[in-house]
A.B. asks: 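Take a look at the following structure, please.
Both backbone and side-chain heavy atoms feed into the values below; hydrogens, waters and symmetry mates do not. Below, read A as the first sequence line, B as the second, and so on, with proteins coming before strands; counting in each chain starts at 1.
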Amino acid sequence: MPVDAFARELLDWYDAYARTLPWRGPPGTPPPDPYRVWLSEVMLQQTTVAAVAPHFERFVTRWPTVADLAAAPDADVMQAWAGLGYYARARNLLACARVVAASGWPRDEAGLRELPGVGAYTAAAIASIAFGQVAVVVDGNVERVMARLFAVETPIPAARPLLRAHAATLAPAHRPGDYAQALMDLGATVCTPRNPRCDACPVSLWCAARTTGDPARYPIRAAKIPRPIRHGTAFRLEVDGHILLVRRPPRGLLGGMRALPSTEWSTEPSDWHAAAPVAVDWRPVPGEVRHVFTHFELRLRVMTATLPARPAVPGEWWPVETLGAAGLPTLFAKALRG
DNA sequence: TACGCGTGGGC
DNA sequence: TGCCCAAGCGT
């Protein structure tokens, strides 16, 4: 593999075909604000560009600088993050903003790596994109591109060290930020998981997977495990046009988010009476909410009751007509939609 | 190293 | 429709 030619072809392609995204400037322009780079990279962790873009715009409008974000109340940030998923990111985002507001941005990859919610990938991405430093930026796109370029037969995740080594070999000293984004854009728009567009690929000449005739076979993945099903019951308690919401524990699944009162979610349906916020005449909402999490599928029954006066129970009473602004995780928004 | 951690879109 | 997976991180 001619390393210099590879980077040159990729950067030429990027200069012509780079996606226009709210958090970056055109190819060859000065680095964007580190705040915007960091915020977008955290939002993009395991999350699609389409889902991130509107949230990113709202965040930078409401909190234009890292100091503004650092000064925001936790509840406001969690609410603004609602719907994006992986809510630990929002908690780490605030913790990180407060460190940076107090101490400034670390200027190198090792320092960035110490920040909450900033792992190997994100540290390398910020160092290269915001600070122009040479770094080996390896995300899922880069893994796929490397697996195909070198026709790596070892399954992911065991192949990760090898894929990183290949990426390190190819990383140029010139335009490191644009190069990192070029590789990711290539993976997102040309070297896609299914139906890769090899005809449009600027580096197909050097791609081993293409010569096999089945580039989509790469990367090889370890066999997946079946997703178990859990069952639970949630409670919709209404008094005078208000619904009872609770705050979930700060860590774990949907940690720190507003929620409907609910039973635990277990592999077998179990009695829900003990988990009900009050002992009243609950009526079942017809049907069942199915919601897929990363490692299980939830089937949630909803019980509903309407009372004439508020019982003395923990939680907050939220007006029904503004529930859309409560910042509920998608699961509970679905449960309330019926 | 393996698992826990959300959600939505594409095919 | 069910399945795949997306700019991963923390423990």
A.B. asks: Using whole Å, report how far CG of A:D139 lies from P of C:dC5.
C.D. replies: 15 Å
A.B. asks: Taking B:dA2 as the reference, what is the distance to C:dA7 when you measure between their C1' atoms (whole Å, please)?
C.D. replies: 22 Å
A.B. asks: Do A:D271 and A:H273 meet the criterion of a side-chain donor-acceptor pair at a distance under 3.5 Å?
C.D. replies: yes
A.B. asks: Other than A:L237, what residues sit in its cluster of Ile, Leu, Val, Met, Phe, Trp and Tyr side chains whose heavy atoms are under 4.5 Å apart, directly or through others?
C.D. replies: A:F235, A:V239, A:L244, A:W272, A:V278, A:V280, A:W282, A:M303, A:L307, A:V313, A:W317
A.B. asks: Hey, is the side chain of A:K224 poking within less than 4.0 Å of OP1 or OP2 on C:dC3, counting only N and O atoms?
C.D. replies: no
A.B. asks: Assess whether a salt bridge exists between A:D139 and A:R160, defined as any Lys/Arg side-chain N lying under 4.0 Å from an Asp/Glu carboxylate O.
C.D. replies: no
A.B. asks: Take A:G255 and A:P161, find for each the nucleotide of DNA chain B with the closest heavy atom, and name the residue whose nucleotide sits nearer the 5' end.
C.D. replies: A:P161
A.B. asks: By nearest nucleotide on DNA chain C, pick out whichever of A:N141 and A:P116 is the more 5' one.
C.D. replies: A:N141
A.B. asks: Among residues at least two apart in sequence or on other chains, which ones pass salt bridge (charged side-chain N to carboxylate O under 4.0 Å, His left out) with A:E297?
C.D. replies: A:R299
A.B. asks: Can you tell whether the side chains of A:R148 and A:D214 come within less than 4.0 Å, N to carboxylate O?
C.D. replies: no
A.B. asks: At a heavy-atom distance below 4.0 Å, what parts of residues 44-59 of chain A sit against DNA chain B?
C.D. replies: A:Q46, A:T47
A.B. asks: Using the C1' atom in both, what is the distance from B:dT7 to C:dT11, to the nearest Å?
C.D. replies: 23 Å
A.B. asks: Does anything in residues 76-102 of chain A come within less than 4.0 Å of DNA chain B? Heavy atoms only, and list the residues if so.
C.D. replies: A:G83, A:L84, A:G85, A:Y86, A:Y87
A.B. asks: In whole angstrom, what separates A:R144's CZ from C:dC5's P?
C.D. replies: 9 Å
A.B. asks: What residues form a ring pair (Phe, Tyr, Trp, His ring centres under 6.0 Å) with A:F6, not counting sequence neighbours?
C.D. replies: none
A.B. asks: Quick one: ring pair (Phe, Tyr, Trp, His ring centres under 6.0 Å) partners of A:Y121, sequence neighbours excluded?
C.D. replies: none
A.B. asks: Whole Å only: how far is the CG atom of A:L39 from the P atom of C:dA7?
C.D. replies: 18 Å
A.B. asks: What about A:H295 and A:F293, are their ring centers closer than 6.0 Å?
C.D. replies: no
A.B. asks: Would you say a side-chain N or O of A:R24 is under 4.0 Å from OP1 or OP2 of C:dA7?
C.D. replies: no
A.B. asks: Distance check: side-chain N/O of A:T122 vs OP1/OP2 of C:dC9, anything under 4.0 Å?
C.D. replies: yes
A.B. asks: Want to settle it: does A:L328 or A:P157 sit nearer the 5' end of DNA chain B, counting the closest nucleotide to each?
C.D. replies: A:P157
A.B. asks: Residues two or more places apart in sequence or in another chain: which of them pass ring pair (Phe, Tyr, Trp, His ring centres under 6.0 Å) with A:H231?
C.D. replies: none
A.B. asks: Which residues satisfy the side chain to side chain donor-acceptor pair (under 3.5 Å) test with A:Q79, sequence neighbours excluded?
C.D. replies: A:R258
A.B. asks: Under the salt bridge (charged side-chain N to carboxylate O under 4.0 Å, His left out) rule, collect the residues that match up with A:D15, sequence neighbours excluded.
C.D. replies: A:R175
A.B. asks: Mind checking what makes ring pair (Phe, Tyr, Trp, His ring centres under 6.0 Å) contact with A:H55, not counting sequence neighbours?
C.D. replies: none
A.B. asks: Measure CZ/A:R160 against P/C:dC9 and give the value in whole Å, please.
C.D. replies: 11 Å
A.B. asks: Would you kindly compare A:T294 and A:R227 by the position of their nearest DNA chain C nucleotide and give the one closer to the 5′ end?
C.D. replies: A:R227
A.B. asks: For DNA chain B, which residues of residues 176-185 of chain A approach it to below 4.0 angstrom with any heavy atom?
C.D. replies: none
A.B. asks: Is A:I126 touching bases, backbone alone, or none of the nucleic acid, heavy atoms closer than 4.0 Å?
C.D. replies: nothing
A.B. asks: Would you please say whether a donor-acceptor pair under 3.5 Å links the side chains of A:T192 and A:R144?
C.D. replies: no
A.B. asks: Quick check: closest heavy atoms across A:A123 and A:L112, and the distance to 0.1 Å?
C.D. replies: O-CD1, 3.7 Å
A.B. asks: Along DNA chain B, 5' to 3', what are the outermost nucleotides having an atom less than 4.0 Å from a heavy atom of chain A?
C.D. replies: B:dG4 to B:dG10
A.B. asks: In terms of relative ring orientation, are A:W265 and A:F296 parallel, tilted or perpendicular, with 30° and 60° separating the classes?
C.D. replies: tilted
A.B. asks: Expressed as a whole number of angstroms, how long is the span from A:Y218:OH to C:dC4:P?
C.D. replies: 20 Å
